[in-house]
Each structure stands twice: as structure tokens, then as C-alpha cells.
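Both backbone and side-chain heavy atoms feed into the values below; hydrogens, waters and symmetry mates do not.
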Amino acid sequence: MQEEDGFTRWIEACAAGELLGIGAAALWWVTVDRYDPVPVGVTAEWLVFFAKAMSGLIQGLTLGLLQGWALRRQFPALNLRAWVMATTLVGIVVWSIGAWHAVFPPLDGDPLLPPVETLFQTAVAAAGFGLGLGLLFGAAQALVLYRAAGQVHWWVAVSAIGWGAALPCIYVAASVGSAEPGSLEIAIRGLIGGIVSGVVLGTITGLSFAVMPARRSA
């Protein structure tokens, strides 16, 4: 019963973390864009870059805190502070890459990600991006998790698969609907995409609990 409660709590934490973390990070990014959409001068460009990179801090802290809170039920020896730091570090790195490309675009004008034209291409591209993102999150989090659980190599694998399956939910939800959506439709898309992606991520990564035995606290 306790294992089932821990699994359910983990899925709920991932759903809340995806919805609140990515939602707040994206909202901050858009706010920075509206404040200074075309920064003029080196100082302004660097300020906008660092401001946009802060989106990773927002997502990492939100997701890391919620995941860590739920994960400690399954693995009591988990270092919550280290887990949050690892998750936040990856978030900052990934959002910083996007921020750099947005503020300092390449001279050849090539996009950061290949252009997509259909919903299927959107899902495939998001899945590929998710696999890479999951590997980063999984590797960084496994360095913390190994002190609280055994066989943590499974965590890297399920994180890659989980993120690879979760991100298409967000991108597809954001792509369907009217061509010029209003604020309400955008909010609904984000709500559905965030919750579904979080449930998918939590369900897939939570399967690793069965093969990662908890270590005793020192």
C-alpha cells in the first residue's frame, strides 16, 4: 500500500511540476520578450539573455522541489537539496541554450531546431528533444539518487524515455486548435499539455521504483 501511495504521489508531483514549472518559466520568458523584444546594445542583449535564462531556474526549482518531496517517500535517504540543485542546473543549462540562440542568433539564420510542418513532425521533433533532455536530467539526478537507491542506471534510461514521451504532449497540445488563439484557449492548451505530460513522465519514470532498491539512511 505504501509503494502504491508513493507511486501515486510521484505521478502527482510530476504533473504539478510540469504544469507549474514549465508554465511559470514560459510566462517569464514571454514577459521578458514583451519588456524588451529587440534589445539594442551589448549590455541590453546580455541583460535579456540572463533574464531569459532565469526561466531554467524557475522550472528547475519548481520541478525539483515537487519531485524531491515525492521521491523521499520512496527513497528516504534522498538528499532533497542536492536533488533540487541537480534538477535546477540542468534546467538553467537547457533554457540558457535557447536564450543564447534567441538573443544572439547565428549569422546564417539557421533555426535552433529543424522546422516542422505537420503535427506528426512536431511530435517526432519534440520526442527527440525530450530524449536528449531526459538523458541530461537523468544523468544529473542519478548522481544524487545513487546515495539513496541502488541500480540507478535505470533512472537514466527511464528519464530519457519519460521525457521523450512527455514533451510531445506539450508541443502537440500547443499546436492544435485555432490559428490565432485567444488567452483562454492558450491557457487551456497549456493546462492540458502540462498535466498530461506530467502524468506520462511520472508514470514512466515511476516504473523504475520496482528495480531500484532503497538504501538505508546513514
Chemist: If every non-hydrogen atom of Gly164 is compared with every non-hydrogen atom of Pro168, which pair is closest and at what distance?
Modeler: O-CD, 3.1 Å

Chemist: I'd like to check Leu119 versus Val176 (side-chain heavy atoms, cut-off strictly below 4.5 Å). Are they in contact?
Modeler: yes

Chemist: Contact between Val84 and Gln67 at the side-chain level, heavy atoms closer than 4.5 Å - yes or no?
Modeler: no

Chemist: Please check: side-chain N/O of Thr87 versus main-chain N/O of Gly64, any donor-acceptor pairing under 3.5 Å?
Modeler: no

Chemist: Any sub-3.5 Å donor-acceptor pair from Arg189's side-chain atoms to Ser175's backbone N or O?
Modeler: no

Chemist: Is there a path of hydrophobic side-chain contacts, each under 4.5 Å between heavy atoms of I, L, V, M, F, W or Y residues, that connects Leu136 with Ile22?
Modeler: yes

Chemist: For the residue pair Ile170 and Leu167, establish whether any side-chain heavy-atom pair is separated by less than 4.5 Å.
Modeler: yes

Chemist: Rounded to the nearest 0.5 Å, how far does CG of Leu201 lie from CG of Leu63?
Modeler: 7.5 Å

Chemist: Side-chain contact, heavy-atom cut-off 4.5 Å: Gln141 with Trp155?
Modeler: yes

Chemist: Between atom CD of Gln74 and atom CG of Leu71, what is the distance when rounded to the nearest 0.5 Å?
Modeler: 7.5 Å

Chemist: Which pair of heavy atoms, one from Cys14 and one from Gly202, lies closest together, and at what distance?
Modeler: SG-CA, 3.7 Å

Chemist: Please report the closest heavy-atom contact between Leu19 and Gly190, naming both atoms and the distance.
Modeler: CD1-O, 3.9 Å

Chemist: May I ask you to check whether Trp10 and Thr205 show a side-chain donor-acceptor distance below 3.5 Å?
Modeler: yes

Chemist: Examine distances only and state if a side-chain atom of Ser159 and a backbone atom of Val156 form a donor-acceptor pair shorter than 3.5 Å.
Modeler: no

Chemist: Is Leu66 linked to Leu27 within one hydrophobic cluster, defined over Ile, Leu, Val, Met, Phe, Trp and Tyr using a side-chain heavy-atom separation of less than 4.5 Å?
Modeler: no

Chemist: Identify the two heavy atoms, one from Leu78 and one from Arg72, that lie closest to each other, and give their separation to 0.1 Å.
Modeler: O-NE, 3.5 Å

Chemist: Can you tell me how far the CG atom of Leu145 sits from the CG atom of Asn79, to the nearest 0.5 Å?
Modeler: 11.5 Å

Chemist: Taking the side chain as C-beta and beyond, is there a heavy-atom pair between Leu131 and Leu135 under 4.5 Å?
Modeler: no

Chemist: Answer yes if Trp28 and Val103 sit in the same cluster of Ile, Leu, Val, Met, Phe, Trp and Tyr residues linked by side chain heavy atoms under 4.5 Å apart, and no otherwise.
Modeler: yes

Chemist: Does any non-hydrogen side-chain atom of Val124 lie less than 4.5 Å from one of Tyr171?
Modeler: no

Chemist: Within the side chain of Thr203, is there an N or O that forms a donor-acceptor pair under 3.5 Å with the backbone of Val200?
Modeler: no

Chemist: With a sphere of 6.0 Å drawn around CH2 of Trp154, does it hold more than 12 non-hydrogen atoms of other residues, nucleotides or ligands?
Modeler: no

Chemist: How long is the gap from CD on Gln151 to CE on Met212, to the nearest 0.5 Å?
Modeler: 9.5 Å

Chemist: Drop me the distance from Ile58's CD1 to Leu61's CG, to the nearest 0.5 angstrom.
Modeler: 8.5 Å

Chemist: Using side-chain heavy atoms (C-beta onward) and a distance below 4.5 Å, is Glu18 in contact with Ile195?
Modeler: no

Chemist: Counting the benzene-type ring for Trp, do Phe49 and Trp46 have ring centres under 6.0 Å apart?
Modeler: yes

Chemist: Do the side chains of Phe129 and Trp95 join up, straight or via other hydrophobic residues, at under 4.5 Å, putting them in one cluster?
Modeler: no

Chemist: Out of curiosity, does Val158 fall in the hydrophobic cluster containing Leu143 (side-chain heavy atoms, cut-off under 4.5 Å, transitive links)?
Modeler: no

Chemist: At what distance, to the nearest 0.5 angstrom, does CH2 of Trp100 lie from NZ of Lys52?
Modeler: 13.5 Å

Chemist: Determine yes or no for a side-chain-to-main-chain donor-acceptor pair under 3.5 angstrom, with Arg215 supplying the side chain and Phe75 the backbone.
Modeler: no

Chemist: Can you tell me if CZ on Phe120 sees more than 12 non-hydrogen neighbours from other groups inside 6.0 Å?
Modeler: no

Chemist: Which atoms form the tightest heavy-atom contact between Ala148 and Ala77, and what is the distance?
Modeler: CB-C, 3.6 Å

Chemist: Does any part of the side chain of Met54, heavy atoms only, come nearer than 4.5 Å to the side chain of Ile92, both counted from C-beta?
Modeler: no

Chemist: If you compare all heavy atoms of Ala140 against all heavy atoms of Ala86, which two are closest, and at what distance to 0.1 Å?
Modeler: O-CB, 3.7 Å

